[in-house]
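A short worksheet on the structure shown next.
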Amino acid sequence: MTGVQTCALPICKAVLPVGLSLTPSHYDVNILQGLAALAILAFLLWAARPGDPGRYRPGLVFMAAFLLPASSGETYLEHRLYLPLMGLAAALFQMQPFRDPKPARRWWPYFVVIAGLMVINWLHSASFRNGETAWAKAVNNSPNSWLAQNAMGNIYARQGNFGPAEARYLKALEVNPGQPKVLKNLGLLYLKSGRPEMAEQAFSQLLVRSSGVEKADYHMAQVMERLGRPAQAMEYYRRELDLNPAFADAWTGLGALLAQTGQLAEAKQALAQALHINSDSYEAWLNLGVVEFRMKNLSAAVASLERAIEISPQRAEGRVNLGYAYRAAGDTAAARAQFQAAAELDPVRRNIQKSEGVGDRGK
C-alpha cells in the first residue's frame, strides 16, 4: 500500500490540485483521487488519438523522471510538482485538440480549466497569511506529516501554549518514532514548562537514538541541574564541549557548577574560556564576579560585576551581587545604590541589604 501511496500522491496533486498542503504525507493521500487522476490522463491520451504517439512521449517521460523524488517515502513538497508539470503540459499540447488550426471553436473547455485552477490557487493562497495559518492548514490536510505536526508544536511552544504544543509533538513522534528534531523540541518544552523528569526521558531517548545532535548534551545538563544532580550536569556539559568547544554557554554552565561545588580555580578557568568566546555574556561575567568574590579578589569581582550590569542593566541579580562586592570593599554608598536599584527592578529583593555575601548567579 505504501508504494501505491507514494506514486499516487504526486500524480494526484498534479492532475487534481485539491486538498493542497504545505507538507503532504503519503499516508494521507486519497488513493481514489490518485486513481482518478491516472484515469483522466489515460482518457486524454485515448481521446486525442494522435497520429504520431512519439510527439507526446518525451513530455510524459520528462514528467515521470522528475516525479521520481516522490518515491523516497519522505514528505513530498508540492512545489516540486512545478517542473514535472511542464512535461505533462508539453505532452498535452502535442495532442490533436490543442493542435487544431482553429481552436477558437472549442475555447470554453480551456477557459473552464484555467478559471478553475485560478480559483483553487486563490483559495489556497489564503493559507499563507502567516506561519500559524499555513501550518494549521498543513496539519488539517496532512495529519500524518511529522513535519507539519512538529512545526505547529513549535508555534504553540513560542506562544506559551504548552499543552497543545505537547500534543503536536507527541503526534509527530507517533508518525515518526524517535525523530531527533521532535524529541529535542519535546525535551525543551518539558524543561521550559517545569517538568524536568519528563525532559530527562525525552533527551535520554534522543541521546540514545542519535548521538551528536546539536546542544542535546547541553540541554541534558540543564535538566540535571533542575533535578539537583550537579555531577551529572557537569559530565553532560563536558560532553557538549567535546563536541563543540566554542560553545560559550556550555563553558558558562560548567563554570557556574564548578563554583557551586567549591572548585573555584577550575570555575574561573571555565568562565574565562566562555568570555574568550563571547565577551558580551552577562551570565559569564556575573558568575566570574561571584567566583572572584569568593576567592577574595574584591577589585576583580567589582570589575566583573560592573561589566555584567553594563551588558544587562535590567537584571536585578547583577546589581545585588555588585552591591555585595561594593559593601565588602568598603563602599557602602555605592552598595546601597545598587541594592536600591535591585529592589526597584525586583520588589522581592527589597530587604536584600540585610543579607550577607554574594550568592546569585545567572542561568
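These figures come from a predicted structure and were not determined experimentally.
Nearest heavy-atom pair, Leu241 versus Ala250, reported as atom, atom and distance to 0.1 Å: CD2-CB, 3.6 Å. Here the closest non-hydrogen pair linking Gly323 and Phe339 is C-CZ, 3.6 Å. The nearest pair of heavy atoms linking Gly318 to Tyr282 is N-OH, 3.2 Å. When all heavy atoms are compared, the tightest approach of Ala248 to Asn278 is CB-CB, 3.9 Å. Heavy atoms only, all atoms of each residue included: Leu207 and Ala216 are closest at CD2-CB, 3.7 Å. The nearest pair of heavy atoms linking Leu264 to Val291 is O-CG1, 3.7 Å.
With rounding to the nearest 0.5 angstrom, the CD atom of Glu292 is 4.0 Å from the NZ atom of Lys268. Here CG of Leu186 is found 5.5 Å from CG of Leu170. Values are rounded to the nearest 0.5 Å. Between the CG atom in Leu322 and the CZ atom in Arg327 there is a gap of 12.5 Å [rounded to 0.5 Å]. Distance check, rounded to the nearest 0.5 Å: CD of Glu266 to CE of Met234 gives 10.0 Å. The line from CG of Asp217 to CG of Leu243 is 6.0 Å long, rounded to the nearest 0.5 Å. Separation of atoms CD1 (Ile155) and CG (Asn130) is listed at 8.0 Å; rounding is to 0.5 Å.
Counting heavy-atom neighbours within 6.0 Å of Lys137 NZ, excluding the residue itself, gives a total above 12. More than 12 heavy-atom neighbours from other residues, nucleotides or ligands sit within 6.0 angstrom of CD on Gln159.
In this structure a side-chain-to-backbone donor-acceptor pair under 3.5 Å is present from Arg226 to Leu191. In this structure, Asn297 contributes its side chain and Ala300 its backbone to no donor-acceptor pair below 3.5 Å. A donor-acceptor contact shorter than 3.5 Å is absent between the side chain of Ser279 and the backbone of Leu275. Between the side chain of Ser312 and the main chain of Ile309, no donor-acceptor pair closer than 3.5 Å is present. For the pair Asn287 (side chain) and Glu283 (backbone), a donor-acceptor distance under 3.5 Å is present. Using a distance-only test at 3.5 Å, with no hydrogens or angles considered, no donor-acceptor pair links the side chain of Tyr324 to the main chain of Val290. When atom types are taken as modelled, the side chain of Gln149 and the backbone of Pro143 share a donor-acceptor pair closer than 3.5 angstrom. For the pair Arg319 (side chain) and Pro313 (backbone), a donor-acceptor distance under 3.5 Å is present.
Taken together through direct or relayed side-chain contacts under 4.5 Å among Ile, Leu, Val, Met, Phe, Trp and Tyr, Val61 and Phe66 form parts of separate hydrophobic clusters. Tracing side-chain contacts under 4.5 Å through hydrophobic residues (I, L, V, M, F, W, Y), one reaches Val213 starting from Trp146; they form part of the same cluster. Linking ILVMFWY residues whenever their side-chain heavy atoms come closer than 4.5 Å, directly or via other members, leaves Val320 and Leu345 in distinct clusters.
Checked against salt bridge (Lys or Arg N to Asp or Glu O under 4.0 Å), Glu240 has no partners two or more places apart in sequence or in another chain. For Asp331, there are no salt bridge (Lys or Arg N to Asp or Glu O under 4.0 Å) partners at least two apart in sequence or on another chain. Annotation: salt bridge (Lys or Arg N to Asp or Glu O under 4.0 Å) contacts of Lys184 (sequence neighbours excluded): none. For Glu200, the side-chain hydrogen bond (donor to acceptor under 3.5 Å, both in side chains) test picks out Arg229, with sequence neighbours left out. In this view, Glu306 satisfies the salt bridge (Lys or Arg N to Asp or Glu O under 4.0 Å) rule with no residue, not counting sequence neighbours.
Of the residues listed (Leu188, Leu183, Asn185), the one engaging Tyr169 in a side-chain contact (heavy atoms from CB on, under 4.5 Å) is Asn185, and it is the only one. Here the options are Ile311, Leu305, Leu271, Asp280, the test is side-chain contact (heavy atoms from CB on, under 4.5 Å), and the partner is Trp285; only Ile311 passes. Partner of Glu166 under the salt bridge (charged side-chain N to carboxylate O under 4.0 Å, His left out) criterion, out of Lys192, Arg195, Lys171: Arg195 alone.
Within the 4.5 Å cutoff, the side chain of Ser281 has heavy atoms near those of the Thr252 side chain. Taking 4.5 Å as the limit, every side-chain heavy atom of Met220 sits out of range of all side-chain heavy atoms of Gln232. Taking 4.5 Å as the limit, every side-chain heavy atom of Arg168 sits out of range of all side-chain heavy atoms of Asn150.
Between the side chains of His219 and Gln222, at least one donor N or O sits under 3.5 Å from an acceptor N or O.
Looking at Glu310 and Arg307, a side-chain N of the basic residue comes within less than 4.0 Å of a carboxylate O on the acidic one, giving a salt bridge.
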**Q.** Chi angles and distances behind the side chain to side chain contact (heavy atoms under 4.5 Å, CB included) call for Phe293, Asn321
**A.** CA-CA 9 Å; Phe293 184 93; Asn321 287 302; over 6 Å; no
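Checked against the 6.0 Å centroid threshold, Phe203 and Tyr190 do not count as a close aromatic pair.
Screening residues 221-255 for ring-ring contact (aromatic ring centres under 6.0 Å, His included), with sequence neighbours left out, gives Tyr218-Tyr237, Tyr218-Phe247.
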